[in-house]
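Whatever order the structure lists them in is the order used to number ligands and atoms, beginning at 1.
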Amino acid sequence: MSIQKRLVGSYVVVIFLTVLILEIFLIASVRFYYLHNVERILINQAELSASFFQQYFAEEDLESQSERLLKGFVYNSDAQVQIITASGQLLQDSNGYERSMGSISMVEYPDVQVAMTGTPGVWRGKDPLTHEPVLAVSYPLKKYEADVTLGEVRFATSLTTTLHTVKQITLILILVGLLVLAIVTLLGMLLSWTITRSIKDLKQAADRMTEGDFDIRVRKRYQDELGSLADTLNMMAARILKTEQLKNDFISSISHELRTPLTSIKGWVITLKANGKDNQLLMEEGLDIIESESERLTHLVDELLDFSKLDNGRITLQLSPVHLQALLQQMGKQLGPRADRQGLALEIQVDEQIPPIQADVNRLKQVLINLLDNSFKHTDPGGLILVSAHMKQGQALIRVKDTGSGIAEDKLAHVLHQFYKADQHAAGSGLGLAISDRIIRLHRGELRISSTVGEGTTVDIILPVENQRNLTIS
Ligand SMILES: Nc1ncnc2c1ncn2[C@@H]1O[C@H](COP(=O)(O)OP(=O)(O)OP(=O)(O)O)[C@@H](O)[C@H]1O
Ligand SMILES: [Mg+2]
């Protein structure tokens with residue numbers, strides 16, 4: 001069942017039940033109100049007549065004064081008025097009745113039966129003669145201050161018009177109810193249409209994306225949950241496109257990276273084939289270059305493999321206590337010659353209080369080499385590269401700070417992404433920081449970069465001192 005049907009269905013069911021309950025209550029109230037009104041009028045008149053009788057006529061004979069009484073009772077009443085003897089025989093009838101036609105017994109009527117026992121009786125039912133619905137009220141006519149019933153006065157009225165009015169009101173109420181239901185159904189359809197329309201848009205776009213078309217964008221119709229879902233989907237498509245773009249850039253840059261050493265290797269191989277046999281010096285120079293170019297290629301391929309392993313979570317850390325003091329001093333020694341070559345100052349400052357941390361020493365080295373390599377690449381001669389380590393809020397903080405070119409603010413957000421290079425034509429695969437970030441996160445730590453163009457770059461590695469064994473990327 002579609003969402004639209006379900007939505008409209010639930011609206012209609014709720015409103016239908018509400019209207020139904022309200023209508024039943026209203027119709028019952030109207031019916032009760034009208035019938036009760038008629039009954040009250042009749043009871044009032046009967047009561048008035050009975051008390052009138054009690055005050056002025058109770059001492060005289062009922063039969064002989066019945067005609068006069070009837071005239072008095074009929075006054076001010078539209079109802080049929082009857083006067084009945086104590087034994088239930090009809091004496092007078094405002095609708096006309098001659099004694100000579102024979103006596104009529106009223107004992108059959110329930111209201112008369114009750115009145116004969118001395119209490120007022122009310123009866124609603126069908127008139128046996130006319131088959132009309134009637135309401136009748138019988139009141140005992142009593143002697144003053146004595147509980148003797150001398151006869152009864154009976155007020156009866158046809159309910160045909162009243163019931164007709166009630167029926168008409170009922171009809172109007174039902175029509176209004178149906179109208180409300182129709183309006184709600186229409187509104188519900190409209191409302192659910194606005195919802196399902198957005199959902200259909202989303203589904204269509206998602207379908208297109210499944211087919212690989214990431215240029216499509218979902219139209220955002222409203223500022224609601226579906227609107228934000230549309231935003232999310234659009235963002236996702238944009239990111240996929242961006243990743244695709246990065247991948248393409250990467251493939252072209254990696255081809256370039258691969259081609260340069262390969263060209264050089266091939267060139268030297270040709271040269272050596274032709275002239276190498278006789279020229280020992282040339283041979284040595286060529287083989288040296290071939291060796292270093294092969295190393296460059298191996299490094300590149302290693303980095304790629306590493307990255308894909310880290311990305312798939314197939315790497316497990318070999319944790320052991322690492323003494324940062326020793327590690328950083330060792331790195332300083334290792335990279336000192338490169339700093340000298342580039343005319344850079346490389347300084348190491350480690351707080352002696354720092355405890356050994358649980359880490360994978362080789363991976364940590366790899367990260368530091370990546371960071372230092374970046375600093376070396378982007379700092380001009382005369383600059384300073386400072387590596388420091390100290391405790392901060394119970395965690396170890398290793399900082400690599402250079403006085404290099406810095407990274408522009410709009411690019412800073414992307415440098416941790418795989419294959420991202422601020423300068424497309426610069427050497428490197430753009431994987432160094434992405435790999436470093438993953439390794440540090442694997443250690444349950446954090447890599448933070450801040451930079452100012454022209455002033456330099458600071459990279460902070462924050463590592464927990466205690467670490468569980470054998471961490472894998474989740
Ligand atoms: N210390 C730094 N100073 C200036 N720019 C930097 C610095 N470190 C990184 N960057 C910028 O960030 C980009 C990404 O660095 P990353 O180490 O990930 O890749 P790479 O150095 O280009 O390639 P790789 O490290 O794989 O050889 C660099 O291309 C560079 O533009
Ligand atoms: Mg790098």
Side-chain angles (χ1 to χ4, degrees), residues 242-243 245-261 292-311 315 331 334-335 338-339 342-348 362-388 398-442 446-461:
K242 173 116 178 98
T243 312
Q245 178 67 36
L246 277 172
K247 213 163 254 174
N248 290 340
D249 288 353
F250 169 69
I251 287 171
S252 64
S253 79
I254 218 75
S255 322
H256 178 76
E257 290 296 313
L258 290 171
R259 186 167 317 118
T260 321
S292 79
E293 293 294 286
S294 313
E295 255 165 27
R296 218 170 113 191
L297 278 175
T298 315
H299 173 73
L300 191 65
V301 172
D302 281 349
E303 213 178 30
L304 279 173
L305 282 176
D306 225 22
F307 179 75
S308 91
K309 271 196 222 151
L310 276 166
D311 225 25
I315 275 186
M331 306 266 330
Q334 193 180 324
L335 290 163
R338 182 173 175 186
Q342 285 187 230
L344 293 169
L346 176 62
E347 254 182 57
I348 313 284
N362 287 322
R363 292 288 171 189
L364 199 55
K365 249 190 218 170
Q366 187 185 355
V367 171
L368 288 167
I369 287 176
N370 272 332
L371 299 184
L372 285 165
D373 177 57
N374 285 348
S375 290
F376 277 120
K377 277 199 290 192
H378 298 101
T379 310
D380 290 330
L384 169 73
I385 299 171
L386 177 67
V387 183
S388 61
I398 307 169
R399 171 169 289 178
V400 177
K401 186 174 157 89
D402 64 46
T403 55
S405 59
I407 307 167
E409 210 178 310
D410 57 321
K411 296 184 170 167
L412 198 58
H414 302 291
V415 292
L416 288 181
H417 293 168
Q418 61 254 44
F419 314 134
Y420 182 84
K421 294 196 286 182
D423 175 8
Q424 279 306 319
H425 303 291
S429 56
L431 281 172
L433 285 178
I435 289 176
S436 305
D437 181 50
R438 277 169 172 73
I439 290 174
I440 296 303
R441 274 196 280 146
L442 207 51
E446 202 186 329
L447 193 82
R448 285 189 201 151
I449 306 179
S450 59
S451 186
T452 313
V453 175
E455 280 181 25
T457 307
T458 304
V459 184
D460 283 345
I461 301 170

*Under 4.0 Å, heavy atoms only, figure out whether ligand 1 is touched by the backbone of D402, its side chain, both or neither.*
side chain
*Any ion pair linking E446 and R448 (charged N to carboxylate O, less than 4.0 Å)?*
yes
*List the closest protein heavy-atom neighbour of atom 15 (O) of ligand 1: residue, atom name, distance to the nearest 0.1 Å.*
L433 CD1, 3.7 Å
*Between I407 and ligand 1, is there a nitrogen or oxygen pair with a distance under 3.5 Å?*
no
_Under 2.8 Å from the Mg ion (ligand 2) - protein N/O/S, by chain and number_ = N374 OD1
*Is the closest side-chain heavy-atom distance between R363 and V367 below 4.5 Å?*
no
*For T379 and F376, indicate whether the former's side chain and the latter's backbone hold a donor-acceptor pair under 3.5 Å.*
no
*Under 3.5 Å: donor-acceptor pair, side chain of S405, backbone of G454*: no
*H299 side chain to E295 main-chain N or O, any donor-acceptor pair under 3.5 Å?*
no
*Do Q342 and D380 have side-chain atoms, one donor and one acceptor, less than 3.5 Å apart?*
no
*In terms of atom number and element, which parts of ligand 1 are under 4.0 angstrom from non-hydrogen atoms of G406?*
4 (C)
_So, 4.0 Å and heavy atoms of G404: is ligand 1 close enough to count as a contact?_
no
*Neighbour count above 12 (heavy atom, 6.0 Å) for K421 NZ*: yes
_Protein heavy atom at shortest distance from atom 14 (C) of ligand 1_ = Y420 O, 3.3 Å
_How far is atom 19 (O) of ligand 1 from the closest protein heavy atom, and which atom is that?_
G430 CA, 3.1 Å
*Identity and separation of the nearest protein heavy atom to atom 27 (O) of ligand 1*: G428 CA, 3.5 Å
*Ignoring hydrogens, just give me the one of H378, K377, H299 whose non-hydrogen atom is nearest atom 7 (C) of ligand 1.*
H378
*Can you tell me if K411 has a non-hydrogen atom under 4.0 Å from ligand 1?*
no
*Could you pull out the closest heavy-atom pair between G382 and L344, with the gap in Å?*
N-CD2, 4.2 Å
_Top protein contact for atom 26 (O) of ligand 1, by heavy-atom distance_ = S429 OG, 2.8 Å
*Hey, does the side chain of T403 reach the backbone of L384 with a donor-acceptor pair shorter than 3.5 angstrom?*
yes
_Protein contact to atom 31 (O) of ligand 1 [nearest heavy atom, distance to 0.1 Å]_ = A422 CB, 2.9 Å
*Return the minimal non-hydrogen interatomic distance between R296 and P261, and the atom names on each side.*
NH2-CD, 4.2 Å
*Considering only the protein, which heavy-atom contact is closest to atom 9 (C) of ligand 1, and what is its distance?*
N374 ND2, 3.5 Å
_Ion pair check, D373 and R338, cut-off under 4.0 Å_ = yes
_N or O contact, A434 vs ligand 1, cut-off under 3.5 Å_ = no
*Looking at atom 12 (O) of ligand 1, what's its closest protein heavy atom, distance included?*
V415 CG1, 3.4 Å
*asked:* A side-chain contact here means heavy atoms from C-beta on lying under 4.5 Å apart; do L433 and I449 qualify?
replied: yes
*asked:* Closer than 4.0 Å to some heavy atom of E303 - which atoms of ligand 1 meet that?
replied: 26 (O)
*Do K411 and D423 sit within salt-bridge range, that is, some charged N less than 4.0 Å from a carboxylate O?*
no
*Kindly indicate whether the side chain of L372, heavy atoms from C-beta on, has any atom under 4.5 Å from the side chain of M331.*
yes
